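Input: a single structure, listed below in structure tokens.
What you see below is based on every heavy atom in this structure, not just the backbone, and it leaves out hydrogens, waters and symmetry mates. Sequence lines set the chain letters: A, B, ... in the order given, protein chains first and strands last, and positions in each chain run from 1. Everything quoted here is computed from the prediction, not taken from an experiment.
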Amino acid sequence: MDTFTFKRAASVAEAVAAATAGVDAKFLAGGQTLLPVMKQGLAAPSDLVSLARVAAMQGIGVNGGMISIGAMMRHADVAAHGEIKALLPALSVLAGGIADPHVRNRGTIGGSLANNDPAADYPAAVLGLGATVVTDRRRIAADDFFQGMFTTALEAGELITRVEFPVPERAGYIKFPHPASRYALVGVMASKSAQGVRVAVTGAGACVFRATALEQALAKSFTPGALDGVAVGADDLTSDRAGSASYRAHLITVLAKRAVARALEVRS
Amino acid sequence: MTEHARFGKSQVRVEDQRFLTGQGRYIDDVNRPKQKHAAFVRSPHAHARVVTMDVSAARALPGVALIVTGAEWAARGFGPLPCRSPSKVNRDGTPFKEPTRHCLASDTVRYVGEPVAMVVAGTADEARRAADAVIVEYAELASVTDRAAALGDDAAQLWPEVPNNLCLDFEQGNRAAVEAAMATAKHVVRLDMGNNRLTAVPMEPRGAIADFDAATGQYTLVNCSQNIHANRDLMASMLKIDKAKLHHLAPDIGGGFGAKNSVYSEPVVMLYAASKVGCPIKWIADRTEAFLSDTHGRDQQSTVTLALDEHGKFLALHVDTVGNVGAACGTMGPFTPTGGTARTTGSVYAIPAILYTSKAVFTNTVQTDPYRGAGRPEAVFHVERIVEFAARTLGIDPVALRRQNLIKTEQLPYKTAVGLEIDCGDFPAVMERVLAMSDRPGYAARVATSRAKGLRRGFAVTPYLETSGGAPHEEARLAFRADGTVVLSVGTHSTGMGHETALAQIAADTLGIDLTRIRFVQADTDATSIGGGHGGSRGIEVGGSAVLKVARMVIEKARGIAAHLLNSHVDDITFKAGVLSDTKTGQSVALDAVIAAAGDTSRLPQDMSAGALDTTAKFERETYTVPNGAHACEVEVDPETGVIAVDKFWCVDDFGSVINPMLADGQVMGGIVQGLGQALLEEVVYDPQTGQLLTASLLEYALPRADHVPRMEIAFFEGAPTKRNPLGAKGSGEAGCCGATPVIVNAVLDALHEYGVRHIEMPLTSEKVWSAITGASA
Ligand SMILES: Cc1cc2nc3c(=O)[nH]c(=O)nc-3n(C[C@H](O)[C@H](O)[C@H](O)COP(=O)(O)OP(=O)(O)OC[C@H]3O[C@@H](n4cnc5c(N)ncnc54)[C@H](O)[C@@H]3O)c2cc1C
């Protein structure tokens with residue numbers, strides 16, 4: 001690993017200032033993506049700006065129909081949170097199914113979203129539940145946030161501070177893990193709320209996306225049976241040794257049915 | 001009570017206190033004052049000529065002390081990496097091809113990861129940076145990584161002296177009898193099947209510290225190796241030094257499974273470098289390096305043909321294999337896919353004629369070498385798949401077909417058609433017992449329950465047979481210290497299996513002393529004169545027998561000393577429960593008193609002096625043992641996704657006498673999990689075009705995890721202890737993966753029978769299963 005300057009920010013403003021000041025500064029959240037990449041020599045930032053002490057990025061708040069999660073909340077925090085379990089169990093299941101206990105005790109929701117790994121779980125939650133990403137300077141709707149493989153709407157030095165999830169009527173998440181990495185080979189979040197039905201798919205393509213054909217079918221009837229015979233095209237999907245595009249396409253429909261079944265089992 | 005029954009109790013591992021509290025001492029815990037660090041420059045190409053190598057920039061970097069290039073290594077005239085394959089003769093009588101492979105390649109690289117230079121620097125980071133700064137110009141050549149493709153006339157040629165990359169063209173068995181039976185048999189069934197390429201992924205990657213003492217000319221190598229004594233001799237001869245000048249030892253080892261068996265380049269070059277630099281040199285492989293450079297296992301493609309008569313009786317078996325040796329011979333060269341697989345071909349079945357033919361081929365991949373079972377699991381897989389397939393093809397119940405063809409107990413001792421001498425066992429009893437354990441009456445209800453959930457349930461039972469292997473002799477030494485400690489030194493090597501407990505149990509029980517008094521020493525060329533290390537499931541049968549022998553020799557000596565102390569005749573002295581008694585006078589003396597006397601020449605008989613009780617024994621087995629057993633399992637398959645869950649698992653093993661059932665359970669469980677890995681998950685993949693290793697990290701190489709593993713019910717059949725060693729023990733270490741791989745595959749295919757699926761190549765990934773069901777192209 002190359003040498004770097006370590007800075008510890010005490011506020012959002014300080015963090016953003018420090019990130020802008022460095023030649024090639026990076027925010028450090030849980031370090032579960034950034035540090036391995038640095039160890040492999042694939043990233044060599046000049047400055048690391050630790051977000052651990054930024055109070056505004058901590059905590060989970062529930063206010064009416066909205067759950068607000070600080071960007072520094074770890075996967076384990078979200079998975080174990082009582083009100084999330086009660087109001088949005090699909091989200092606790094998703095967070096509790098990321099990686100292993102070590103990673104869940106370090107990795108954060110903000111880091112995961114900023115990274116936007118094509119096989120990560122949280123992007124499916126944010127897009128599939130119609131959440132809002134709150135940054136130091138603006139609010140970004142889920143539909144605008146994810147832009148491509150490892151690419152988001154974030155500008156240089158822009159800091160995710162919180163993520164706001166509207167509580168849906170029903171939601172379910174099913175992950176089909178990659179046999180080796182246990183990231184999502186395919187993961188599907190299906191939800192139904194006042195704004196309508198959302199089906200977000202991660203793992204299957206270059207970036208999380210909404211499966212519109214499935215959404216249309218489910219808008220008519222939010223039941224697994226509504227997806228019978230509804231196929232997802234394989235054209236833009238990923239093909240690799242763990243799964244061809246056609247297998248992934250097939251899994252999307254199967255998992256979406258199961259996600260809907262799970263959503264109907266538990267009250268969201 | 002029989003002699004061997006005495007050790008048959010579970011005993012919690014004494015080493016666990018150390019291992020589970022973080023006090024284990026592994027290679028990276030070992031450090032030497034003033035040590036420097038090594039890093040290796042490895043080939044990024046599968047096959048290329050080294051045009052130039054420029055080390056000037058690297059040499060100028062901070063901390064760099066030495067760079068050894070392939071050219072320098074060649075110029076120094078060190079010996080090549082050795083090949084010790086017991087199979088070396090082609091079917092036409094000519095010798096096999098053994099091209100010369102050096103520790104550092106100088107003119108041509110033949111696999112991705114092959115070392116071409118080593119850098120020594122002050123820190124591991126400095127060494128890595130300097131290694132990255134070595135500029136090598138390569139001229140790429142065409143490559144071939146696939147076992148079958150390598151034999152083709154238009155395939156890339158690895159070695160000019162090896163036409164068609166053919167290392168060994170092997171044949172064993174009775175060709176004429178097999179051909180005759182095949183020609184006339186009522187039924188002949190044939191199936192192509194692969195044994196996927198695997199890598200062991202021990203939790204602890206390889207590493208070493210090499211040191212040289214200029215004053216004495218003594219080399220010391222602390223090495224994460226499972227084969228200390230044999231590799232000391234081989235490395236000394238490569239370096240052209242007296243083997244007495246090389247002290248080779250291992251600290252605690254975090255798993256080996258065969259991958260730490262071979263002689264590797266890195267420690268040899270480090271020994272040389274230590275003598276040049278004048279300080280200790282340390283190297284620890286990172287995980288990527290382990291994937292690239294550890295020896296791999298399996299990688300065989302076979303056509304298996306079985307001839308049966310009209311009643312289902314087996315008449316002949318032919319297995320025809322192509323086995324991937326890698327870019328050159330590893331320490332065991334072409335042995336695994338040839339003699340290693342031939343030995344147990346036919347397994348537990350009475351098959352009058354067997355032919356095993358095999359072509360071992362070179363490819364642009366890292367060497368393959370023994371991996372847990374080294375050919376025996378492959379042999380069981382061949383016969384169990386073809387038997388299952390034959391039963392399906394001919395419409396016979398697979399269990400009945402097996403039952404009919406098992407070697408009967410009254411046929412023992414039995415010599416198989418490939419020459420394996422089976423001394424004892426009871427194959428029918430073992431299979432019936434596992435069937436009884438597996439609740440056949442409740443099966444139909446479980447099938448229905450699965451079906452109601454949308455799942456398909458399958459069942460299979462597969463008997464297995466294997467043999468122990470490895471070096472036939474072993475040494476054990478007992479030394480008695482004044483503080484009451486008893487030092488037990490052995491030449492076998494536990495890489496986590498629990499010898500520190502099991503071997504100590506044998507010594508402690510025989511001597512009638514407390515286990516806690518034994519201090520265990522292993523894997524050290526200073527502690528024993530010979531040692532077979534870890535390999536071939538021989539730890540208990542050979543190593544344990546040496547321990548039993550030395551303990552009994554100690555008691556013999558103790559009787560002499562007791563006779564002297566009691567003024568008795570030695571013939572009147574008996575030993576029981578730690579006490580030596582004169583049967584005539586009734587006088588007695590405790591072994592501890594004898595031990596104390598043994599430290600004092602004045603209290604000993606004329607012909608003895610202080611230390612008289614310290615004893616070394618060598619044990620040599622006449623031939624290897626034949627562990628066997630039967631596995632049964634039930635799987636659930638999700639036909640919508642192709643996902644397989646192994647739901648239930650039963651197994652009965654005949655390991656002869658079991659020394660410590662808890663440890664034997666552990667061996668079986670570990671083997672089953674490894675077998676499950678091969679069946680369902682694991683596969684080393686090289687890109688067929690570029691020869692790049694695509695599975696060079698744990699993000700890509702799928703290992704079994706806790707949630708893949710079912711509850712395993714394990715029982716031991718102890719009705720047939722072997723007479724091939726005084727313990728009555730048969731090897732247990734590799735048995736698990738012999739049975740588990742075929743039983744899981746067969747159970748999955750049973751579940752898929754209704755879809756008309758008859759075979760799927762391993763690993764049975766969810767996509768392959770789904771494709772087979774839907775008939776879609778994968
Ligand atoms: C073994 C392993 C298994 C894993 N398995 C899974 C899995 O199954 N599913 C899954 O979804 N993920 C998985 N992950 C990834 C894990 O969830 C990471 O924690 C996550 O991707 C990154 O979060 P982090 O807090 O560690 O971010 P860091 O590594 O600290 O940062 C990642 C990137 O985001 C930037 N960043 C961090 N926080 C912010 C912020 N608030 N605003 C803007 N930019 C920010 C950083 O500068 C950096 O570029 C796995 C990781 C490992 C190591």
Side-chain angles (χ1 to χ4, degrees), chain A residues 1-3 32-33 36-42 44 96-97 99-103 117-120 174-188 203-204 224 227-228 231 234 237-259 261, chain B residues 62 123-126 128-129 131-133 199 201 286-289 291 453-454 638-644 676-677 680-688 692-708 763-778:
Chain A
M1 210 191 275
D2 283 312
T3 51
Q32 297 304 291
T33 294
V37 171
M38 287 170 63
K39 281 187 192 166
Q40 288 172 318
L42 300 174
D100 52 51
H102 298 269
V103 173
D117 188 302
I174 303 281
K175 173 181 188 173
F176 189 98
H178 181 288
S181 75
R182 295 274 177 124
Y183 275 80
L185 186 76
V186 179
V188 178
L227 297 179
D228 283 345
L237 300 187
T238 305
S239 247
D240 56 23
R241 284 183 315 99
S244 66
S246 58
Y247 183 53
R248 280 183 159 93
H250 166 76
L251 285 179
I252 291 171
T253 304
V254 172
L255 301 188
K257 283 186 189 183
R258 294 180 184 186
Chain B
T123 68
D125 251 5
E126 286 172 345
R128 184 71 262 151
R129 267 171 225 278
D132 291 344
T199 183
V201 200
D286 64 25
R287 187 57 70 189
T288 309
E289 234 174 346
F291 275 108
K453 291 187 287 184
D638 179 345
E640 262 189 328
T641 59
V643 170
I644 296 162
L676 183 153
L680 303 183
L681 295 158
E682 298 183 44
E683 186 172 33
V684 172
V685 182
Y686 284 91
D687 184 293
Q692 292 296 323
L693 180 62
L694 300 178
T695 49
S697 85
L698 289 166
L699 286 171
E700 291 294 332
Y701 189 80
L703 286 174
R705 313 231 184 175
D707 60 0
H708 288 116
L764 275 61
T765 61
S766 51
E767 178 165 18
K768 281 195 215 164
V769 171
W770 172 74
S771 301
I773 292 172
T774 58
S777 57

Open item on the list: How long is the straight-line distance from OG of A:Ser246 back to CH2 of B:Trp770, given to the nearest 0.5 Å?
Closed with: 4.5 Å
Task: A:Lys257 NZ to B:Glu640 CD distance, which is reported to the nearest 0.5 Å - done: 6.0 Å
Open item on the list: Set out, in order, the CA-CA distance, both residues' side-chain angles and the distance that settles salt bridge (charged side-chain N to carboxylate O under 4.0 Å, His left out) for A:Arg241 and B:Glu683, then state yes or no.
Closed with: CA-CA 11 Å; A:Arg241 284 183 315 99; B:Glu683 186 172 33; 5.7 Å; no
Open item on the list: Quick one, A:Asp100 with B:Arg705, criterion salt bridge (charged side-chain N to carboxylate O under 4.0 Å, His left out). Give me CA distance, side-chain angles, the key distance, then yes/no.
Closed with: CA-CA 11 Å; A:Asp100 52 51; B:Arg705 313 231 184 175; 5.8 Å; no
Task: Pair A:Arg182-B:Leu698, side-chain contact (heavy atoms from CB on, under 4.5 Å): steps then yes or no - done: CA-CA 10 Å; A:Arg182 295 274 177 124; B:Leu698 289 166; over 6 Å; no
TODO: Against chain A, label B:Leu680 side chain, backbone, both or neither, depending on which of its atoms sit under 4.5 Å from a heavy atom there.
DONE: neither
TODO: Heavy-atom distances under 4.5 Å only: say whether B:Arg128 touches chain A with side chain, backbone, both or neither.
DONE: neither
Task: Gap separating the CG atom of A:Asp240 from the CD atom of B:Glu700, nearest 0.5 angstrom - done: 7.0 Å
Task: Between B:Leu681, B:Asp638, B:Asp132, the one whose heavy-atom pairs under 4.5 Å with chain A are most numerous - done: B:Asp638
Open item on the list: Is B:Thr641 close to chain A through its backbone or its side chain, or both, or neither, when contacts mean heavy atoms under 4.5 Å?
Closed with: both
Task: Heavy-atom closest contact (A:His178 atom, B:Leu699 atom, distance) - done: CE1-O, 3.3 Å
Open item on the list: Please classify the contact between B:Thr288 and chain A as side chain, backbone, both or neither, with a heavy-atom cut-off of under 4.5 Å.
Closed with: neither
TODO: Name the member of A:Ser181, A:Ala180, A:Ala242, A:Gly41 that forms the most heavy-atom pairs with chain B at distances under 4.5 Å.
DONE: A:Ala180
Task: A:Lys39 vs B:Asp286, salt bridge (charged side-chain N to carboxylate O under 4.0 Å, His left out): CA-CA, chis, key distance, verdict - done: CA-CA 11 Å; A:Lys39 281 187 192 166; B:Asp286 64 25; over 6 Å; no
Task: Residue A:Arg248 versus chain B: region with a heavy atom under 4.5 Å - done: neither
